[in-house]
Amino acid sequence: MALRIWHQSMAPLGEFGSYAACLEKHAAAVIDEGTEVVLHGAAPGSYAGRPPATVLAHSYARLVITQQVIGQVRQAEREGYDAVALATFGAPFLTECRSLVDIPVVSMAQVALLTAGNLATRPAVVALSAGAVPRMRALLRGVSLGAEIVVVGLRPAVTEVEIIAALDGADDGVAASFEQAAGEAAAAGADLVIPGEGALNELLYQRGVRQAGGLGVLDPFAVVLAWTEMLVMLRRRTGLSTSHAGGYSRPDDDLLAALDRADSRPEVPASDPARDRGTK
């Protein structure tokens, strides 16, 4: 039976050269026959032409850009997709997204770590830079389910733009830097390594990097698609779906409509103390 997956990246796919074409080829190699993966990214212009990692380092920018995912997940369900593969390590608004739809919303970071926990005792995640390590640790705390994780950064630091240029054929040292970072992780006790960014993972996949620093390299893109297929099949065969009884509680239709109207209101006008106190 046909299965349609809405793939959601927070990268501006239309601005990233051959990245989308590489992802399509990668997906075709790892999904089952009959599964269709449709790629989606951040809205054009979201990053003002700058590398996403540098923009998302700012908390306000991160809020404004990543909240797009809520509408995208809801649109996926409206359009009849069977599930959403949230293919970003940031997993933005994961709880909110799951609360608003019945179809599975699968976090790449979460299922990569769950898979790693079945294959190794102390996985490592490689971020794009040493400076990104604290934020990566904070992100992983929300999805690690208590696993002990080593986090290391590439040296020298790289941006997604540089990785995309490497995908497009430019000479680079990214794979060598990843090898060095994986060796550092192994020295810290890690026994499996995970590329902690989508473009980095894609470059390594396209280069055929399956081992680094003496450790196996987990492919989080393949993993998130495999988990998404599994959850869709479980829903079809057993009726299992996202629970809205607890932390993923869903607003009733009237409340949700009111919230949507409030969210679409124009910008707040200039402050008027009398108006704000309700005396005007």
Side-chain angles (χ1 to χ4, degrees), residues 7-27 39-59 61-62 64-66 68 86-92 108-109 112 124-140 150-185 193-213 215 217-222 224:
H7 159 280
Q8 185 61 57
S9 168
M10 292 315 299
L13 296 181
E15 303 167 19
F16 264 21
S18 65
Y19 184 40
C22 288
L23 288 176
E24 288 177 342
K25 182 179 177 181
H26 191 167
L39 303 182
H40 299 83
S46 293
Y47 297 96
R50 305 183 188 190
T54 63
V55 175
L56 295 175
H58 304 291
S59 57
R62 190 162 61 248
V64 171
I65 294 169
T66 60
Q68 297 175 24
L86 194 52
T88 169
F89 260 77
M108 183 164 74
V125 174
V126 178
L128 294 185
S129 69
V133 167
R135 180 166 173 260
M136 179 63 76
R137 285 197 179 113
L139 290 172
L140 295 177
V150 176
V151 183
V152 296
L154 293 179
R155 294 189 179 92
V158 298
T159 67
E160 301 96 332
V161 173
E162 292 168 325
I163 295 172
I164 298 306
L167 268 177
D168 287 339
D171 186 29
D172 72 281
V174 177
S177 295
F178 185 82
E179 175 78 25
Q180 179 181 341
E184 182 182 333
V193 64
I194 306 170
E197 198 279 330
L200 173 62
N201 182 67
E202 195 56 35
L203 176 67
L204 297 170
Y205 174 80
Q206 296 296 335
R207 297 282 172 86
V209 177
R210 306 294 183 263
Q211 296 273 329
L215 305 179
V217 178
L218 184 146
D219 176 357
F221 182 74
V224 74

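- Residues passing the side chain to side chain contact (heavy atoms under 4.5 Å, CB included) test with Val133 are Arg137, Val151, sequence neighbours excluded.
- Leu13 has its side chain within reach of Leu23: a pair of non-hydrogen atoms, C-beta onward, lies under 4.5 Å apart.
- Tyr47 meets the ring-ring contact (aromatic ring centres under 6.0 Å, His included) test with no other residue; sequence neighbours excluded.
- For the pair Val217 and Phe178, the minimum side-chain heavy-atom distance is below 4.5 Å.
- Partners of Ala181 under the side chain to side chain contact (heavy atoms under 4.5 Å, CB included) rule, at least two apart in sequence or in another chain, are Val126, Val152, Leu154.
- The shortest distance between side-chain heavy atoms of Leu128 and Glu160 falls below 4.5 Å.
- Every residue two or more places apart in sequence or in another chain that forms a side chain to side chain contact (heavy atoms under 4.5 Å, CB included) with Ala43 is listed here: Ser46, Gln68.
- Atom CE of residue Met108 and atom CG of residue Leu86 lie 8.5 Å apart, to the nearest 0.5 angstrom.
- Contacts of Arg135 classified as side-chain hydrogen bond (donor to acceptor under 3.5 Å, both in side chains), with partners at least two apart in sequence or in another chain: none.
- Smallest separation of non-hydrogen atoms from Gly17 and Ile164: N-CG2, 4.2 Å.
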side-chain contact (heavy atoms from CB on, under 4.5 Å) for Val158 and Leu200? Distances and angles first, verdict last. CA-CA 9 Å; Val158 298; Leu200 173 62; 5.8 Å; no
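- Tyr205 and His26 have parallel rings, their planes meeting at less than 30° on a 0 to 90° scale where 60° marks the start of perpendicular.
- With sequence neighbours excluded, the residues satisfying side chain to side chain contact (heavy atoms under 4.5 Å, CB included) with Ala127 are Ala132, Met136.
- Of all the heavy atoms in Tyr19 and Ala11, the pair that sits closest is CE2-CB, 4.2 Å.
- Between Pro51 and Thr159, the closest heavy-atom pair is CB-CB, 4.0 Å.
- Annotation for Thr66 and Pro92: closest pair CB-CB, 3.4 Å, computed over non-hydrogen atoms.
- Take Gln206 and apply the side-chain hydrogen bond (donor to acceptor under 3.5 Å, both in side chains) test, not counting sequence neighbours, and it matches Glu202.
- For Ser18, the side-chain hydrogen bond (donor to acceptor under 3.5 Å, both in side chains) partners two or more places apart in sequence, or in a different chain, are Asp168.
- With sequence neighbours excluded, the residues forming a ring-ring contact (aromatic ring centres under 6.0 Å, His included) with His40 are Trp6, listed by chain and number.
- At least one side-chain heavy atom of Pro52 sits less than 4.5 Å from a side-chain heavy atom of Phe16.
- A pairwise comparison of heavy atoms in Ser129 and Ala157 identifies CB-CB, 3.2 Å as the closest pair.
- A heavy-atom distance below 4.5 Å is not found between the side chains of Val174 and Glu162.
- Going from atom OG1 of Thr88 over to atom CG of Leu56 covers 8.0 Å, rounded to the nearest 0.5 Å.
- For Arg50, the CZ atom sits in a loose shell: 12 or fewer heavy atoms of surrounding residues, nucleotides or ligands are nearer than 6.0 Å.
- We find the CG-CD distance between Leu39 and Glu24 to be 5.0 Å, quoted to the nearest 0.5 Å.
- Distance check, rounded to the nearest 0.5 Å: CD of Glu179 to CG of Leu215 gives 9.0 Å.
- Under the rule for a salt bridge (Lys or Arg N to Asp or Glu O under 4.0 Å), the partners of Arg155 that lie at least two apart in sequence or sit in another chain are Glu184.
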